[in-house]
Amino acid sequence: MSNTVDINVHHVTRVEGHGNIVLRARDGKIEKVEWQVPEAPRFFEAMVRGRPWSDIQTIVSRICGICSITHSFAGTKAVEDALGIEVSKQADKLRHMTHYAEYMQSHILHVGYLAVPDLLGAKSVVPLVATHGDAVKTVIRLHRAANEWSDWLAGRTTHPVTIKPGGFSRNFSDSEVREWKARLEKEVVPDLKAIAGVVLSLADKLPAFERPTEYMALTHPDYYTYYHGKITSTDTDEEVDIHEFERVVNEYVSPQSTAKWTKWHRDSYAVGALARFNNNADQLLPLAAETAGKLGLKKGCGNPYMNNVAQVVECVQAVEHALQLMDELLTAGLKEETLPDVKVRAGEGVGCVEAPRGILFHRYVFDKKGRCERANICIPTNQNHANIQKDFEALVPGIIDRPQDEIRLMMEMLVRAYDPCISCSTHYLDVEFV
Amino acid sequence: MAIKLFKKAALKKWVDSLIAGGRVFGVQAKGERFAFGPLEKAADLRLDYDVTILPPKKYLQPQTEDLVKFSKGGGYESVIDSEPFVLLGVHPYDMAAINQMDAIFLKDGEVDTHYKARREAATIVACDVESPSENVFAGCMGTAVVDKGYDVLVTAVDGGYVVETASPRGEKLLAAAGEVPDASKKDMKKRKAVQEKNRKRLRKHELKGEPLGLPCLLGKSENHPVWEEKARLCYSCGSCNLVCPTCYCFDVQDDTDWTLESGRRYRVWDACLLADFAAVAGGHNFRKERAARFRHRYYRKGKYIPEKIGEIACVGCGRCITACTAKIANPVEVYNRLTEGC
Amino acid sequence: MSKPRLAIFDFACCEGCQLQIVNLEEEILDLISLVDPVEWREAISDQSDTYDIAIVEGSITRPEDEERVKKIRERSKVLIALGACAAIGGVNKLKNNFDMDDVKKCVYGKDADLPHLNTAMTKAVDEVVPVDFYVHGCPIDRDEFKHVVKSVALGKKPNIPVYPVCVECKLRENVCRYEFNELCLGPITRAGCGARCPSNGSWCFGCRGLAPDPNVDAAKEVMDKYKKTVDDLRDRILLFNSKQEHADV
Amino acid sequence: MGDNGKDIYLPAAAEVVRVEQMTKQEKFFEFRLASGKPLGHMPGQFAEVSLPGIGEAPISISSSPTSGDTFEMVVRQVGNVSGAMHRLEPGDEVGVRGPFGTTFPVDGELKGRDLLFICGGIGLVPVRSAINYVLDKRGDYGKVTVLFGAKTPGDRLFVDELAALDGREDVEFLETVDDTCGEKWNACVGVITMLFEKIEVSPESTTSIICGPPVMYKFAIMGLHEMGFTDDRIYVSLERRMKCGVGKCGHCQINGLYTCQDGPVFRYSDVAEVREAI
Ligand SMILES: Cc1cc2nc3c(=O)[nH]c(=O)nc-3n(C[C@H](O)[C@H](O)[C@@H](O)COP(=O)(O)OP(=O)(O)OC[C@H]3O[C@@H](n4cnc5c(N)ncnc54)[C@H](O)[C@@H]3O)c2cc1C
Ligand code: SF4
Ligand code: SF4
Ligand code: SF4
């Protein structure tokens, strides 16, 4: 063993904003292996101070362009919690449906535009147009459907306008719901099945790397949740109330990162699709469970590269549950609702939802005029940073003999498997434009 | 021409049969307000509406309307929309406005082929006002009742609707209703009473003096302080123009597909209150001041267009009063100020 | 004629505007047929590159980013500011209403002084270098983006509205938000979004920036008519238009 | 006018026959309609010139109808259409609608009268059509005086034709520049109204035609008044923002008047009292 490696990926492409990989090894001895995050900090927690409760969603949505709906929900739920605002059953169902639009959009982007080309050894989706035209078209069709779904419910694809404390700013009609139900059934479900087939045919190409990991997720007694519930992890049977989230995330500042890092029972934990799956797989709806089975995804999986497979399963779950909710809405018939009058008061609230890439927490304290005094926002990508570092430390010794390019690729693929808030930095964009 | 009395159910049946037979646009509720839109079923039609947010002109001169298309090697080609449609529930003041649009687009100077095609494709069912809107003053402008332009006129009276056809096209439309009894003398009297009442009650604002005195009044009011006073609060948002049934100014733009060689030229509603409406190359703006633009609108309604077509170009629908967020666009207030002098 | 070379760069932002480009779906291929994208992320090391068109997304929040955007400007013929963060500073400018040390302490506590957490007053791109064209909005409107790119390729000035959102709101036949007792910034905000928020039952919060020569004085007086205060107006303007010209209410 | 079933917004194809750079900002174009027919204009009129994807702009017709089947224009590069026109080459195609608007009454009341043309800068472009028309039918008119003012010597349009005018016995021609900008210049320096002192015209028998930048009108008209001209003996050609050219779009309105239909050529007495005109 005499491999000398010097990898310094300054701003890994195809990941969110700015992340660096540093690996230095002399004669097979690892001197430094680091995942660094030098993203320009944006200080949202500072910026929301002094803003009225009614602005929270508008501001925090802008934390992330790809999971803006999730941030809107976390922020809005925290406001509702603090000010005691009720949300109707109908609005709650519509919110779940809105959330699922984002899931589809985000997961498809990640799986379709990033993971699949990686697994096919293609540099991007572009060469696949020639070799796998149908699959590419299917991915694009799904992505478009997800965006239009979000346009419909959230008012736009990114940065929703309809989500307000207490419900929605507009009403939806039976015929709109019926139209979408038909589209999901006729177009989206078959397309998802097709994509699952593509992923299945490639699943054996995923690196077989396992590391025992703590997986944290939201859990709910009634359903595979992304929206309501309590915090749990694969290391515990405890279900922690979301109001105590600081107790489980244990944030700290790492010198490698402008983003804060987190830990619970171990040095690090993972969040995201695989984490949700590992905690809640028993609650998957039939088609989603069937898809997981076909793809060989089993509860207890410790391979971070399998996150992509879990994402496919979750897309199916999202659509399946949306269809269920649509049926329920149509059976009851959609009612015209107006937003509740909000009695402004001092208060503190927490909102917690699952973003496509993991559990997300927002906490706000409002003064008696309903202005924000303090905020604490803990985003999923930050919760994964430490785990990526630990994965690196476990992965690299086993592959240090391989050629530098291969090591580099496997490290990059690992980062990408976590889908660290990737929005614009996927394969699709990156390679297509080189 | 026929005059029938429809019971509510018969009217509904007739409207449903029209919907089955082609494109029908009718007045429907939009929250607390009303709007013309594609009608899916007669039950959605609200002939008892007060006023629609936008006037029905949007079907004759749509917000955006393709004029010509072009393609590489193919040069320019006209785009004409002549697909027939029925417009259900046009109030008299809006009908009067359409009559004015006809004068501008079909009679004054060159004929606008695009407007003409749509106008000829339209079968207009007018209806007398059942519920006056909060700002209507059609009664003052002589447009509370209208006697021309439409194909069918519907008037809600006690016990049903008096439906009168006024053109062969209207006759044809009515034929779809099947057997309906003629209106009796008594029904006709009731209709007259409704119209008389409307002349009196569509006056939520009272214009001092006769509308036809406006050109003369404006002729001597160019320097009246009211223009500055009101325009101080003007957002230059054009809302007063855009909701107006007699405003028809437009902008023209080109748009291409990704080849950059094929595309369309379209017109889109413009508004003379907008800051750059009269701006030209070199940065000169012929109506740079808010007050100048504000004044221009009232002159256009009360003097310039009347000098062209012989009718006051304000039909008293009151939409601009409602639409103006700054609450300065009430024509009656403005004209009355002029009447009072400085 | 060879295709114009296009490069895209991001600074402090949520990257939602770039996502709108991805959301063009199949049309991305059309875009590529028109321009030749030579750089999408800064990962390309070749600093001597020049671009016909540089698209810059995000606000400038650190001294080192100022230097970076200056370099980009030097290397590009046309520079387009993409989205509210780049065009007006956007929501990032809320930060400028506080003291920078306080901002850092608020988020990072005792670690606030670590060098990599440094931050400065947020700037829009045109506060650092000249900008040729703007694609406004948070996020941008896909159709407007297409229009701007096509216009630049055609050699014409894009037609970006200078009038307020109310125009498009009227064209969409919405019920005015003031009738719902809401404070809408439509009358002083630059149109171009198709009045997206009022069309979805919400007030405009001004993400496209103030319209040129907005009548803010009128807005102040008008508040009274709707039982709102100048403070309410200021609050709403600050959200996306902190430290803009005309925004000092 | 009236309804001939023709789409008034549909441009006809015309081919670029000749392009010449005139000044830094202005280019000269000669066009021929694809139909081969003459445009059918009279001096003072304009046409809407189209480039697909770019748009349309109203441009004056600079040639006299007496000069054959082609027509000529001069375009200053200021924006989209004008900018794209500057990229045209012979053989390229444009769309043309028109001619539109009123004309200098060369066949009407100008006949038999003395004529005083006052042109500032690009204002020469529409007036050139009338000047050439008059010169082609020289016998029909009395004394002809042409005054031309440019910003600098480099901004002068139709340099050769100006020289030819200068050389003609039957035309009095005077010109000035605001600033020589260091160039060689033998004629007058100063604003165009300075030339008024140097000419001899009889206001009773003369009609004046003015075209120039917006600021010029006021001063030129003041000068003419001092010389004894009455408003009905003055013609002006005005410019406004225009979108349709056919009196529908509303943009070119000067109070109640439409520049595209009632103008661009106006008898000054018809607009003297119109607030927004001059
Ligand atoms: C009757 C008539 C005759 C004419 N004859 C000639 C002629 O012979 N030769 C000639 O060169 N020109 C002539 N013009 C002027 C010409 O039509 C204009 O300069 C213009 O329409 C050119 O079009 P464009 O597309 O190049 O400019 P545009 O792209 O429309 O812009 C022109 C200029 O106006 C500014 N502008 C555009 N829109 C606005 C706005 N909304 N607000 C503020 N400024 C704006 C632009 O910034 C630019 O500087 C004539 C005009 C008229 C009305
Ligand atoms: S609606 Fe009112 S504020 Fe807007 S342009 Fe008209 S007068 Fe001005
Ligand atoms: S809702 Fe807002 S944008 Fe729409 S008209 Fe009212 S003030 Fe203008
Ligand atoms: S309505 Fe206002 S806030 Fe909404 S998208 Fe348009 S400019 Fe932005």
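Just the heavy atoms: all of them, side chains too, but no hydrogens, waters or symmetry mates, feed the values below. Sequence lines set the chain letters: A, B, ... in the order given, protein chains first and strands last, and positions in each chain run from 1. Since this is a predicted model, take the numbers as computed values, not measurements.
- Residue D:Gln21 qualifies as enclosed at atom CD: its count of foreign heavy atoms under 6.0 Å is above 12.
- Cation-pi geometry between B:Arg265 and D:Tyr9 is not met: the NZ or CZ atom fails to fall both under 6.0 Å from the ring centre and inside 45° of the normal.
- Proximity to chain D (any heavy atom under 4.5 Å) is shown, for B:Ala117, by neither the backbone nor the side chain.
- Among D:Gly79, D:Ala57, D:Pro11, D:Cys252, the residue making the largest number of heavy-atom pairs under 4.5 Å with chain B is D:Pro11.
- Formation of a donor-acceptor pair under 3.5 Å by the D:His251 side chain with backbone atoms of B:Ala278 is not found in this model.
- For chain D, no part of B:Tyr115 is nearby; none of its heavy atoms comes within less than 4.5 Å.
- One distance of note links CG of D:Leu51 with CG of B:Asp254; it measures 9.0 Å at 0.5 Å rounding.
- For the atom pair D:Arg241 CZ and B:Asp270 CG, the distance stands at 7.5 Å (nearest 0.5 Å).
- D:Lys6 is not listed as a side-chain neighbour of B:Glu110, based on a closest heavy-atom distance of 4.5 Å or more.
- There is no contact between D:Ile254 and chain B, counting heavy-atom distances below 4.5 Å.
- Heavy-atom neighbours of B:Glu228 CD from other residues, nucleotides or ligands within 6.0 Å: at or below the threshold of 12.
- Looking only at heavy-atom pairs under 4.5 Å with chain D, the residue among B:Val280, B:Thr256, B:Val252 that has the most is B:Val252.
- For B:Glu229, the CD atom sits in a packed shell: over 12 heavy atoms of surrounding residues, nucleotides or ligands are nearer than 6.0 Å.
- Ranking D:Ile8, D:Asn255, D:Val78, D:Ile54 against chain B, the residue ahead of the rest is D:Asn255, based on heavy-atom pairs under 4.5 Å.
- Of the listed residues (B:His114, B:His284, B:Arg267), the one with the most heavy-atom contacts under 4.5 Å to chain D is B:His114.
- Annotation: maximal heavy-atom pairing with chain B below 4.5 Å, among D:Pro52, D:Gly256, D:Gly250, occurs at D:Pro52.
- Most heavy-atom pairs under 4.5 Å with chain B, from the set D:Ala34, D:Ser50, D:Ala12, D:Gly95: that is D:Ser50.
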Checking B:Asp251 against D:Lys243 for the salt bridge (charged side-chain N to carboxylate O under 4.0 Å, His left out) test, could you report, in this order, the C-alpha distance in whole Å, the side-chain angles of both residues, the deciding distance, and whether it holds? CA-CA 6 Å; B:Asp251 186 17; D:Lys243 281 296 179 181; 3.2 Å; yes

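- If you take OG1 on B:Thr113 and CG on D:Leu10, they are separated by 8.5 Å, rounding to the nearest 0.5 Å.
- If you take SG on D:Cys244 and CG on B:Leu67, they are separated by 10.0 Å, rounding to the nearest 0.5 Å.
- Counting heavy-atom pairs closer than 4.5 Å to chain D, the top residue among B:Arg295, B:His296, B:Glu307 is B:Arg295.
- D:Gln253 CD to B:Cys272 SG: the interatomic distance, rounded to the nearest 0.5 Å, is 8.0 Å.
- The contact between B:Lys308 and chain D is made entirely by side chain atoms (from C-beta outward), counting heavy-atom distances below 4.5 Å.
- Looking only at heavy-atom pairs under 4.5 Å with chain D, the residue among B:Phe286, B:Phe105, B:Tyr299 that has the most is B:Phe286.
- Around atom CZ of B:Arg264, more than 12 heavy atoms belonging to other residues, nucleotides or ligands sit under 6.0 Å away.
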